[in-house]
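We name chains A, B, ... by the order of the sequence lines, and we start the count at 1 in each one. Reckoned from all heavy atoms, side chains included, excluding hydrogens, waters and symmetry mates.
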Protein chains: 2
Amino acid sequence: MTASDRDDGRFSYEGLDRIIHERARLSVLTSLVAHPKGLPFPDLKRLCGLTDGNLSRHLAVLSEADFVTLEKRFAQNRPQTVCRLTASGRQRFIGYLGVLEQVVRDAAEAAASGPESGRRGLDPATKPA
Amino acid sequence: MTASDRDDGRFSYEGLDRIIHERARLSVLTSLVAHPKGLPFPDLKRLCGLTDGNLSRHLAVLSEADFVTLEKRFAQNRPQTVCRLTASGRQRFIGYLGVLEQVVRDAAEAAASGPESGRRGLDPATKPA
DNA sequence: GCCGTTACTTTGCGCCGCAAAGCATAGGCG
DNA sequence: CGCCTATGCTTTGCGGCGCAAAGTAACGGC
């Protein structure tokens with residue numbers, strides 16, 4: 001063994017789903033989890049600070065992957081697309097959040113423990129000959 | 001005003017720097033913040049669960065953006081690239097972590113508050129005529 | 001002197017984020 | 001009724017990037 005086998009993948013964070021781990025989509029999902037009844041396209045657009053085209057594309061991706069449902073209806077004689085989180089989407093998003101939390105914990109802990117102190121001598125960079 | 005102006009960009013998370021917000025690079029930065037003395041290429045590769053090519057590419061990007069320094073030296077008659085976080089890189093990474101934490105807080109709070117209860121009647125989806 | 005191993009770098013491809021352009025309908029206004 | 005602007009999205013185009021496979025180089029047995 002290579003003396004660091006036990007740490008293999010320690011920071012690989014495989015739970016960071018590519019579909020979710022993207023600024024715009026993270027915004028969308030967070031918005032939707034905060035609005036369980038669903039959100040109309042324009043509101044979502046404003047909350048996330050996205051352009052029409054952008055939001056449209058990301059919603060298509062999220063819908064394709066069954067994270068959200070898109071209900072196209074009419075309100076006040078205007079088309080209105082209402083976006084809602086699916087149960088499975090909610091589940092997977094929560095799982096992702098757990099990983100994110102782990103990242104923050106790992107990093108915060110490390111950042112606090114050794115800005116100037118370092119880790120005295122336990123470091124692989126100084127492995128013996 | 002559109003009755004939701006105060007919430008514009010509420011979930012836009014502009015602090016999510018594209019350079020950092022990427023699984024592989026997030027892994028690298030977290031590894032490095034946990035090892036302030038620096039890490040040799042192979043160790044970093046194992047910690048992050050990355051292939052050689054991948055790690056090389058991401059290190060080039062991080063180095064380009066002045067997040068890390070790459071010291072190429074020789075140890076045990078073999079080439080050894082040691083990666084270290086720069087002060088500014090550390091600073092920016094910590095800033096990013098703050099935003100991540102905000103994301104987790106926003107989402108966790110929302111997810112806890114309304115899985116089944118919803119937000120009775122305050123929802124933009126049910127705005128009056 | 002070949003052969004495998006270690007330590008990277010380079011190349012190539014496919015997908016994706018993003019903005020600009022497009023399309024369709026509604027609602028004033030003369 | 002015809003025009004014009006605003007709203008609500010969708011589609012298109014392209015530049016960039018993540019990723020894996022191939023390439024380079026140097027050392028260490030045998």
Side-chain angles (χ1 to χ4, degrees), chain A residues 1-4 12-14 16-29 38-65 67-83 124-125 127 129, chain B residues 1-4 12-14 16-29 38-65 67-83 124-125 127 129:
Chain A
M1 70 179 89
T2 63
S4 65
S12 65
Y13 303 124
E14 284 163 34
L16 294 185
D17 183 341
R18 301 257 297 123
I19 301 276
I20 308 181
H21 191 68
E22 172 67 36
R23 197 178 89 181
R25 291 194 288 258
L26 198 45
S27 289
V28 169
L29 291 175
L39 280 173
F41 190 101
D43 294 33
L44 199 49
K45 171 183 142 192
R46 276 187 291 268
L47 278 173
C48 299
L50 293 171
T51 61
D52 291 16
N54 248 303
L55 179 54
S56 183
R57 189 99 181 24
H58 289 298
L59 283 181
V61 171
L62 288 173
S63 165
E64 186 77 18
F67 277 93
V68 305
T69 58
L70 303 176
E71 182 196 348
K72 287 151 198 279
R73 65 186 192 190
F74 272 76
Q76 294 100 54
N77 274 346
R78 295 209 134 279
Q80 186 186 48
T81 303
V82 178
C83 315
K127 69 176 77 164
Chain B
M1 68 178 94
T2 62
S4 66
S12 65
Y13 302 124
E14 283 163 35
L16 295 185
D17 184 341
R18 300 258 298 125
I19 301 275
I20 308 180
H21 190 70
E22 173 66 36
R23 198 178 87 181
R25 291 195 288 258
L26 198 45
S27 290
V28 169
L29 291 174
L39 279 174
F41 190 99
D43 294 33
L44 199 48
K45 170 183 142 191
R46 276 187 291 270
L47 279 173
C48 299
L50 291 171
T51 61
D52 291 18
N54 247 304
L55 178 53
S56 183
R57 188 96 180 27
H58 289 299
L59 283 181
V61 170
L62 288 173
S63 166
E64 186 77 18
F67 277 94
V68 305
T69 58
L70 303 176
E71 182 196 349
K72 287 149 198 280
R73 66 188 191 190
F74 271 77
Q76 293 100 55
N77 274 345
R78 297 210 132 279
Q80 185 186 48
T81 302
V82 178
C83 315
K127 71 175 77 161

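- One interatomic measurement links the two molecules: CZ of B:R73 to P of C:dA7, which rounds to 13 Å at whole-angstrom precision.
- Residues A:F67 and A:I20 have side chains in contact (heavy-atom distance under 4.5 Å, counting atoms from C-beta outward).
- Atoms CD1 and CD, from A:I19 and A:E64 in turn, are 9.0 Å apart once rounded to the nearest 0.5 Å.
- In this structure, the CD1 atom of A:I20 is 17 Å from the C1' atom of C:dC16, given to the nearest Å.
- Atom P of nucleotide C:dC16 and atom CG of A:D17 are separated by 12 Å, given to the nearest angstrom.
- At whole-Å resolution of the value, CG in A:L55 and C1' in D:dT10 are 12 Å apart.
- Summarising the geometry, atom CG belonging to A:L16 is positioned 12.5 Å from atom CD belonging to A:E22; distances are rounded to the nearest 0.5 Å.
- The shortest distance between side-chain heavy atoms of A:L59 and A:L44 falls below 4.5 Å.
- Across all strands, A:K72 comes closer than 4.0 Å only to sugar-phosphate atoms, never to a base (heavy-atom distances).
- Between C:dC8 and B:S56, no contact under 4.0 Å exists linking OP1 or OP2 to a side-chain N or O.
- Taking 4.5 Å as the limit, every side-chain heavy atom of A:L47 sits out of range of all side-chain heavy atoms of A:V28.
- Following rounding to the nearest Å, A:R46 (CZ) and D:dG8 (C1') show an atom-to-atom distance of 11 Å.
- To the nearest 0.5 Å, the span separating NZ on B:K45 from SG on B:C83 amounts to 13.0 Å.
- Across the protein-nucleic acid pair, A:L70 atom CG and D:dC9 atom P stand 10 Å apart, rounded to whole Å.
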Protein-proximity profile, nucleotides 13-27 of chain D, B/S/- by nucleotide at the 4.0 Å heavy-atom cutoff, equals -----SBSB----BB
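- Here C:dG17 presents its C1' atom at 15 Å from CG of B:L16, a figure rounded to the nearest Å.
- Here C:dC18 presents its C1' atom at 15 Å from NE2 of B:H21, a figure rounded to the nearest Å.
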